[in-house]
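The first residue in the sequence is number 1, and the count goes up from there.
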Amino acid sequence: MIPFLGRVDEREQAMWIEMLSDNMPDETIVAFADLTDAQKQDCEIAIVANPNPQDLLALPNLKWVHSLWAGIERIMNELVSPPFSIVRLSDPELSQAMSEAVLAWTLYLHRDMPTYARQQREKLWIEQPMVKAQDRRVGVLGLGALGRVSAQRLAQNGFSVAGWSRNPKQIDGINCFYGEDGLASLLNQSDILVCLLPLTPDTTGLLNEQSLSHLPEGASVINFARGPIIDDQALLAQLEKRHLSHAVLDVFVQEPLPEPHPYWTNANVTVLPHISAPTHPMSASKTVAENVRRYRLDGTLPPSVNPELGY
């Protein structure tokens, strides 16, 4: 028996349980709330979607949990030393969806769409200078599953692409930086900065007044990772003095973004409702099912989160 735990409404929970059950006919998928105390003792695996981490502790023999999302920071933050392994969703369709969003909004900034939108509001007919894609330098923060595919897609569309990660990476066609010195080097040469980092203690507030000031004058920022990675006040200050020209933000410290937040009314900010790479239920269910089948067959556990790194 495999419990489903998630902060979702009843309709979405029923959808997930049905789809997971269809892909795992040999397993019994049930809502956590429907488990008896005896059944909780027998659970080795749980499938989760941003669950209440304390509920997981009610499953004393839990060996691993499979997240339906790439983000698992709530579990990591609230459970200091989880007694089970945590598997993030690594779904090729999720990577493709993210790379599509990264390309779309990079093109939006590259072709100066914020300026043309402003000109339309002001009824101005002005042609802006065009920059070739090969002359537009795009930096990608985070070269994991999502960042790697996004960086490659940008390069395939002609952009000059560099990437940064905690440890050394090699990706064909991508100039890869790593470590503290590498971060400054990447920022210095990024006309458009795309953030796809996981949220960890090390990345919280990483894009602050000092780091954002390393970006070239007139640079733009895209954050499709997690809101706390950016210092909101520092970003607003850089936009106000026009060191940065625009920010496309899909993630925020508090979601939904509160109505009084200055991002809503800032002409140099594009606010998106966390839609850059939604989990696709069908492909995610197949990915989870394959991982569970492999575990049942020979005990192979999918790649798990490193508790020390947070990803």
Side-chain angles (χ1 to χ4, degrees), residues 2-8 12 16 19-20 23-24 29 32 43-53 55-56 59 62-99 101-102 140-151 163 165-167 169 195-204 223-229 250-251 255 274-295 300-311:
I2 301 177
F4 175 89
L5 302 84
R7 288 202 169 188
V8 296
E12 188 173 356
W16 274 115
M19 197 158 291
L20 289 164
N23 283 279
M24 291 184 279
I29 316 295
F32 172 77
C43 295
E44 290 187 357
I45 307 170
I47 300 171
V48 303
N50 193 29
N52 180 344
D55 287 342
L56 294 170
L59 305 172
L62 192 62
K63 289 186 169 56
W64 61 287
V65 302
H66 202 315
S67 176
L68 293 170
W69 297 350
I72 44 78
E73 56 272 3
R74 182 160 184 243
I75 299 176
M76 301 302 299
N77 289 339
E78 295 188 26
L79 299 181
V80 178
S81 298
F84 45 79
S85 298
I86 302 169
V87 176
R88 299 168 64 188
L89 180 67
S90 181
D91 181 358
E93 289 203 23
L94 185 66
S95 297
Q96 288 301 318
M98 180 61 83
S99 70
V102 168
V140 178
L141 291 178
L143 294 174
L146 301 181
R148 175 185 293 265
V149 175
S150 295
S165 56
R166 177 188 175 96
N167 297 308
K169 297 282 180 72
C195 182
L196 294 173
L197 291 165
L199 180 62
T200 70
D202 289 337
T203 63
T204 298
N223 187 12
F224 287 170
R226 286 294 183 265
I229 294 173
D250 187 46
V251 289
E255 297 181 8
H274 206 141
I275 46 78
S276 55
T279 298
H280 191 284
M282 183 173 294
S283 62
S285 296
K286 290 180 179 178
T287 298
V288 173
E290 180 57 32
N291 287 335
V292 171
R293 272 194 293 268
R294 191 177 298 115
Y295 175 77
T300 299
L301 192 68
S304 305
V305 172
N306 183 325
E308 294 183 2
L309 299 179
Y311 60 90

Lys286 with Glu290: basic N within carboxylate O range, under 4.0 Å: no

Close side-chain approach of Leu68 to Val288, heavy-atom, < 4.5 Å: yes

Considering all heavy atoms, the nearest Lys169-Gly144 contact: NZ-N, 4.3 Å

CD1 on Ile75 to CG on Leu5, rounded to 0.5 Å: 9.0 Å

Stepwise side chain to side chain contact (heavy atoms under 4.5 Å, CB included) check, Ile45 with Trp64: CA-CA 5 Å; Ile45 307 170; Trp64 61 287; 3.4 Å; yes

Contact summary for His280 and Asp91, nearest pair of heavy atoms: O-OD2, 4.5 Å

Candidates Leu197, Leu146, Asp250 - the one meeting side chain to side chain contact (heavy atoms under 4.5 Å, CB included) with Phe224: Asp250

Closest non-hydrogen atom pair, Arg293 against Asn23: NH1-O, 3.0 Å

Point-to-point distance, once rounded to the nearest 0.5 Å, from CZ of Arg166 to CG of Asp202: 5.5 Å

Nearest heavy-atom neighbours spanning Pro51 and Pro53: O-CD, 3.1 Å

Separation between OG of Ser150 and CG of Leu196, rounded to the nearest 0.5 Å: 5.0 Å

Approximate separation, where rounding is to 0.5 Å, of Tyr295 OH and Glu44 CD: 4.0 Å

Closest contact, heavy atoms only, Ala151 versus Leu143: CB-CD2, 4.4 Å

Flag for His66-Asn291: side-chain donor and acceptor within less than 3.5 Å: yes

Any donor-acceptor pair under 3.5 Å from Thr203 side chain to Pro198 backbone: yes

Pairwise side-chain contact, Ile47 with Met24, heavy-atom cut-off 4.5 Å (strictly under): yes

Beyond-backbone contact of Val48 with Ser67, side-chain heavy atoms, under 4.5 angstrom: yes

Min side-chain heavy-atom separation Ser304-Val87 under 4.5 Å: yes

For Ala225, side chain to side chain contact (heavy atoms under 4.5 Å, CB included) partners two or more places apart: Cys195, Asn223, Ile229

Within-4.5 Å side-chain heavy-atom neighbours: Pro83 and Leu62: no

Side chains of Ser285 and Trp16 in contact at under 4.5 Å (non-hydrogen atoms): yes

Validation row: Leu94, Thr287 side chains within 4.5 angstrom (heavy atoms): no

Ala101 to Ser276 - nearest heavy-atom pair and separation: CB-O, 3.3 Å

